Amino acid sequence: MCLRVLELMPPTTRLKLLDIGCGEGKDAVFFARNGYDVTAFDISDAGIEKTKHLADNAGIQVKVFKADILDYRLDTNFDILFSSGVLHYVKPQLREEIFSNYKQFTNPNGLHIFNVFVNKPFIDPPPEKEPTACKWVSGELFTHYHDWLIQECSEVIFDCDSSGILHQHAMNKMIAQKCQCKRTQK
Ligand SMILES: C[S@@+](CC[C@H](N)C(=O)[O-])C[C@H]1O[C@@H](n2cnc3c(N)ncnc32)[C@H](O)[C@@H]1O
């Protein structure tokens, strides 16, 4: 997903990128090293500190702060919104409002590059329980972007042994672009 950002929107100008739920900062630092103007947030203090260390060690700047995705809303524009492995923490009843906010504060031709864990009836629930997480319905993410150009969307099933017990996840991946409306009113 990171490489696709570079291919689709290379930083020929200083593009503003937000990493939503940056974790330990590997993707945020990757983008900053490649010339993007990166802002990143996460709910975890440890994640924020690790992101800062990673950026310092790489000698680059990432604007990192602590925020809860459920409360935080954009009030300034970005060119690129990126999020990996995080959006299942957005409660279903908040999704429409949060994604409307993200779309509103994206510059024309800007990109959203997101993945979400989805439920599939043939995949068992993961062994580790996450009470604050709520998987998406397969295809649900794309419905929030019916008015944008969906550059790419896919569903992948992959193995995971994060808890020491081999299991599977299903994930929807999407790259959507905010295209300007060319229609003129008569
Ligand atoms: C699977 S990790 C993914 C981290 C990173 N995006 C990556 O790909 O390495 C999930 C991240 O979501 C963060 N997270 C969980 N709940 C959150 C919330 N309510 N608001 C913001 N971040 C949250 C966790 O702290 C963790 O860093």
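All values reported here derive from a predicted model rather than from experimental measurement.
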Which distance, rounded to the nearest 0.5 Å, do you find between the [atom1] of [X] and the [atom2] of [Y]?
X: L17; Y: C2; atom1: CG; atom2: SG; answer: 9.0 Å
X: K16; Y: N107; atom1: NZ; atom2: CG; answer: 8.0 Å
X: N101; Y: D75; atom1: CG; atom2: CG; answer: 8.5 Å
X: D42; Y: I20; atom1: CG; atom2: CD1; answer: 11.5 Å
X: E140; Y: N172; atom1: CD; atom2: CG; answer: 9.0 Å
X: L149; Y: K178; atom1: CG; atom2: NZ; answer: 14.0 Å

Could you please spell out the steps behind the side chain to side chain contact (heavy atoms under 4.5 Å, CB included) verdict for V86 and I69? CA-CA 9 Å; V86 177; I69 198 170; 4.1 Å; yes
Close side-chain approach of [X] to [Y], heavy-atom, < 4.5 Å:
X: R73; Y: E97; value: yes
X: M1; Y: I175; value: no
X: L6; Y: F30; value: yes
X: K120; Y: S138; value: yes
X: V62; Y: I60; value: yes
X: T106; Y: H112; value: yes

Give the minimum heavy-atom separation between M9 and G110, together with the two atoms involved.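 Residues M9 and G110, closest heavy atoms: CE-CA, 3.9 Å.
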Is atom [atom1] of [X] surrounded by more than 12 heavy atoms (other residues, nucleotides or ligands) closer than 6.0 Å?
X: R33; atom1: CZ; result: no
X: Q151; atom1: CD; result: yes
X: K50; atom1: NZ; result: no

Sub-6.0 Å ring centroid separation between F142 and Y145: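 No, too far apart.
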Taking the six-membered ring where the residue is Trp, are the ring centres of F65 and Y72 under 6.0 Å apart?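 F65 vs Y72: aromatic centres under 6.0 Å.
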Go through the steps to decide whether L81 and L111 satisfy the test side chain to side chain contact (heavy atoms under 4.5 Å, CB included), and finish with yes or no. CA-CA 6 Å; L81 264 59; L111 292 178; over 6 Å; no
Does a side-chain N-to-carboxylate-O contact under 4.0 Å join E155 and K173?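 So E155 does not pair with K173 through a salt bridge.
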Between D45 and K66, is the closest basic N to carboxylate O distance under 4.0 Å?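 Between D45 and K66 there is a salt bridge, with a charged N closer than 4.0 Å to a carboxylate O.
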Side chain to side chain donor-acceptor pair (under 3.5 Å) assessment of E24 paired with T51: CA-CA 5 Å; E24 299 182 358; T51 302; over 6 Å; no
Hey, mind stepping through M171 and V118 against side chain to side chain contact (heavy atoms under 4.5 Å, CB included) and telling me if it holds? CA-CA 5 Å; M171 182 171 259; V118 295; 5.8 Å; no
Side chain to side chain contact (heavy atoms under 4.5 Å, CB included) between L18 and F41: does it pass, once the steps are laid out? CA-CA 8 Å; L18 176 68; F41 76 86; 4.1 Å; yes
Tell me whether the rings of F117 and H169 are parallel (<30°), tilted (30 to 60°) or perpendicular (>60°).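 Judged by the thresholds at 30° and 60°, the geometry between F117 and H169 is tilted.
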Could you label the plane-to-plane angle of the F31 and Y36 rings as parallel, tilted or perpendicular, counting under 30° as parallel and over 60° as perpendicular?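 Answer is perpendicular, since the angle exceeds 60°.
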With ring pair (Phe, Tyr, Trp, His ring centres under 6.0 Å) as the test, would you mind laying out the steps for W136 and F99 before giving the verdict? CA-CA 14 Å; W136 291 59; F99 279 77; 5.6 Å; yes
